[in-house]
Every structure is written in structure tokens, then in C-alpha cells.
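Here is the structure we will look at, set down as C-alpha cells.
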Amino acid sequence: MKKILNIVFFLILSIFSFGRWEVDRNYNMIFTSSIKTEPSQNSILYIRKGNYENILNYHSFYIITDKYPASTIKFDDESIQKTKVKLITEHPIEFERVGIVNIYKPDEIYVLLIDNEIEIFKKSKTLKIIYEDKNSTRCTLEVTTQL
């Protein structure tokens with residue numbers, strides 16, 4: 001009886017944890033809403049898989065926030081700027097990447113990861129995304145990583 005209750009409990013928790021993720025099969029894209037943010041805001045993480053000339057597989061992360069646009073540094077191209085983004089798993093692994101920001105859509109951050117890096121996220125239950133907003137506030141977004 002106890003074993004059956006454990007299985008039912010596990011199934012219920014699995015349904016709720018996967019319930020936040022949606023898959024768009026037309027674009028081979030997974031996306032989810034944040035479960036926790038500091039400071040409080042709504043955010044969505046889109047993950048899209050792609051490859052470069054069938055040589056290199058990569059995943060592109062589109063982080064969309066609603067209140068706190070990223071602090072940016074200008075490139076040579078006036079329409080594109082860059083920002084520093086930290087991606088942290090529950091394992092002691094931390095990635096620091098340069099995110100790309102379109103100045104016309106400052107609430108969107110684009111980060112690129114190669115295939116073996118995404119495997120680390122698949123082994124973790126949560127992913128924290130940390131960036132600095134225009135007011136030099138440290139913003140943290142947390143999502144579940146049921147990839």
C-alpha cells in the first residue's frame with residue numbers, strides 16, 4: 001500500500017513540475033514562465049535547438065522580462081548591445097555568457113549555448129539566470145529545468 005502511495009505521489013509531482021513547460025513543435029522550441037524572481041517580475045524563457053551546417057548543435061535561450069530591462073554595453077552595431085548573464089544550476093556549475101540585447105527590445109536577452117553545456121542543465125532541477133538591470137539592480141530569474 002505504501003509503495004502505491006509513493007508512486008501516486010511521484011506521478012502527481014511529476015505532472016505539476018512538467019506542467020510549466022510548453023513545447024511548440026512547429027519551431028522545435030520549449031518555453032516556460034519563471035517560478036521565482038527577485039525583484040518581482042514576470043519572465044519567460046524560450047529555448048530553441050538548432051545546428052550550424054550540421055557540424056555544431058546549439059541551444060539559444062531567449063529571456064524575456066517585463067519590468068527590468070538589462071543593463072547593456074554598446075557594440076559597433078548601434079542596434080545591438082551586450083550584457084553579462086550568469087546561468088547557475090543547483091550543481092556547483094556556473095556559466096557566464098555574453099547576452100545580446102536589441103536596443104529596440106531591451107527586455108529581451110539572447111544567450112547561446114553549445115550542445116554539451118545544455119546537458120548540464122538537463123541534470124539539474126532549477127536554473128537561475130542572473131543579470132544586471134539598467135538601474136544596476138541584480139535581477140534573478142528562476143525556472144524549473146525539466147528539459
Side-chain angles (χ1 to χ4, degrees), residues 8-147:
V8 169
F9 184 67
F10 173 76
L11 289 173
I12 290 170
L13 287 178
S14 296
I15 290 168
F16 285 121
S17 65
F18 283 100
R20 294 185 178 272
W21 290 91
E22 297 178 43
V23 178
D24 186 340
R25 302 219 186 274
N26 294 333
Y27 296 101
N28 192 19
M29 185 178 282
I30 300 170
F31 50 98
T32 186
S33 298
S34 58
I35 57 172
K36 182 180 173 186
T37 64
E38 290 177 23
S40 180
Q41 65 177 319
N42 291 322
S43 61
I44 298 174
L45 174 66
Y46 293 86
I47 304 170
R48 187 166 189 183
K49 185 175 183 178
N51 66 42
Y52 177 72
E53 296 182 356
N54 293 325
I55 299 171
L56 177 68
N57 291 325
Y58 64 88
H59 286 78
S60 51
F61 280 44
Y62 298 91
I63 305 155
I64 300 178
T65 63
D66 70 342
K67 293 182 186 173
Y68 299 95
S71 165
T72 57
I73 302 165
K74 290 185 180 183
F75 268 126
D76 292 338
D77 182 355
E78 293 179 8
S79 64
I80 295 178
Q81 298 180 352
K82 62 183 178 177
T83 188
K84 195 183 322 179
V85 179
K86 285 186 184 178
L87 305 168
I88 302 171
T89 66
E90 62 192 25
H91 303 294
I93 296 173
E94 181 176 313
F95 293 94
E96 191 167 296
R97 290 288 179 265
V98 173
I100 305 297
V101 180
N102 181 335
I103 63 167
Y104 303 111
K105 297 180 181 178
D107 58 338
E108 295 182 13
I109 305 169
Y110 172 79
V111 179
L112 195 67
L113 294 175
I114 57 175
D115 215 18
N116 63 348
E117 294 171 329
I118 201 73
E119 293 302 319
I120 295 168
F121 294 122
K122 288 181 181 179
K123 296 175 185 172
S124 181
K125 291 181 183 173
T126 59
L127 169 63
K128 287 185 182 178
I129 301 163
I130 300 172
Y131 69 96
E132 196 171 278
D133 77 352
K134 291 187 183 238
N135 298 322
S136 298
T137 303
R138 180 181 154 149
C139 296
T140 303
L141 313 174
E142 190 172 316
V143 297
T144 57
T145 57
Q146 302 291 333
L147 299 178

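All residue numbers in this chain count up from 1 along the given sequence. Just so it is clear, the model here is predicted, and its values are computed rather than measured.
Under the ring pair (Phe, Tyr, Trp, His ring centres under 6.0 Å) criterion, the residue pairs touching residues 32-58 are Phe31-Tyr46, with sequence neighbours excluded.
For the atom pair CZ of Arg138 and CD of Glu132, the computed distance is 10.0 Å after rounding to the nearest 0.5 Å. In this structure, Asp133 CG and Thr83 OG1 are separated by 9.5 Å, a value rounded to the nearest 0.5 Å. Atom OG1 of Thr140 and atom CD of Glu38 lie 5.5 Å apart (nearest 0.5 Å). In this structure, the separation between CD1 on Ile129 and CD on Glu142 is 10.0 Å, given to the nearest 0.5 Å. Atoms CG and CG, on Leu87 and Leu45 in that order, are 9.0 Å from each other to the nearest 0.5 Å.
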Show the atom names and distances, to 0.1 Å, of all donor-acceptor pairs under 3.5 Å that link a side chain in residues 92-111 to residues at least two apart or in another chain.
from, atom 1, to, atom 2, distance (Å)
Arg97, NH2, Glu117, OE1, 3.2
Arg97, NH2, Glu117, OE2, 2.0
Asn102, OD1, Tyr104, N, 2.9

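Applying the side chain to side chain contact (heavy atoms under 4.5 Å, CB included) test to Asn42 and every residue at least two apart in sequence or in another chain returns Asp66. For Asn54, the side chain to side chain contact (heavy atoms under 4.5 Å, CB included) test picks out Asn51, with sequence neighbours left out. Considering only residues two or more places apart in sequence or on other chains, Thr37 meets the side chain to side chain contact (heavy atoms under 4.5 Å, CB included) condition with Ser34, Ser40, Gln41, Ser43, Leu141.
A heavy-atom distance below 4.5 Å is not found between the side chains of Cys139 and Thr65. When side chains are defined from C-beta on, Ser33 counts as touching Ile44, because their heavy atoms get closer than 4.5 Å.
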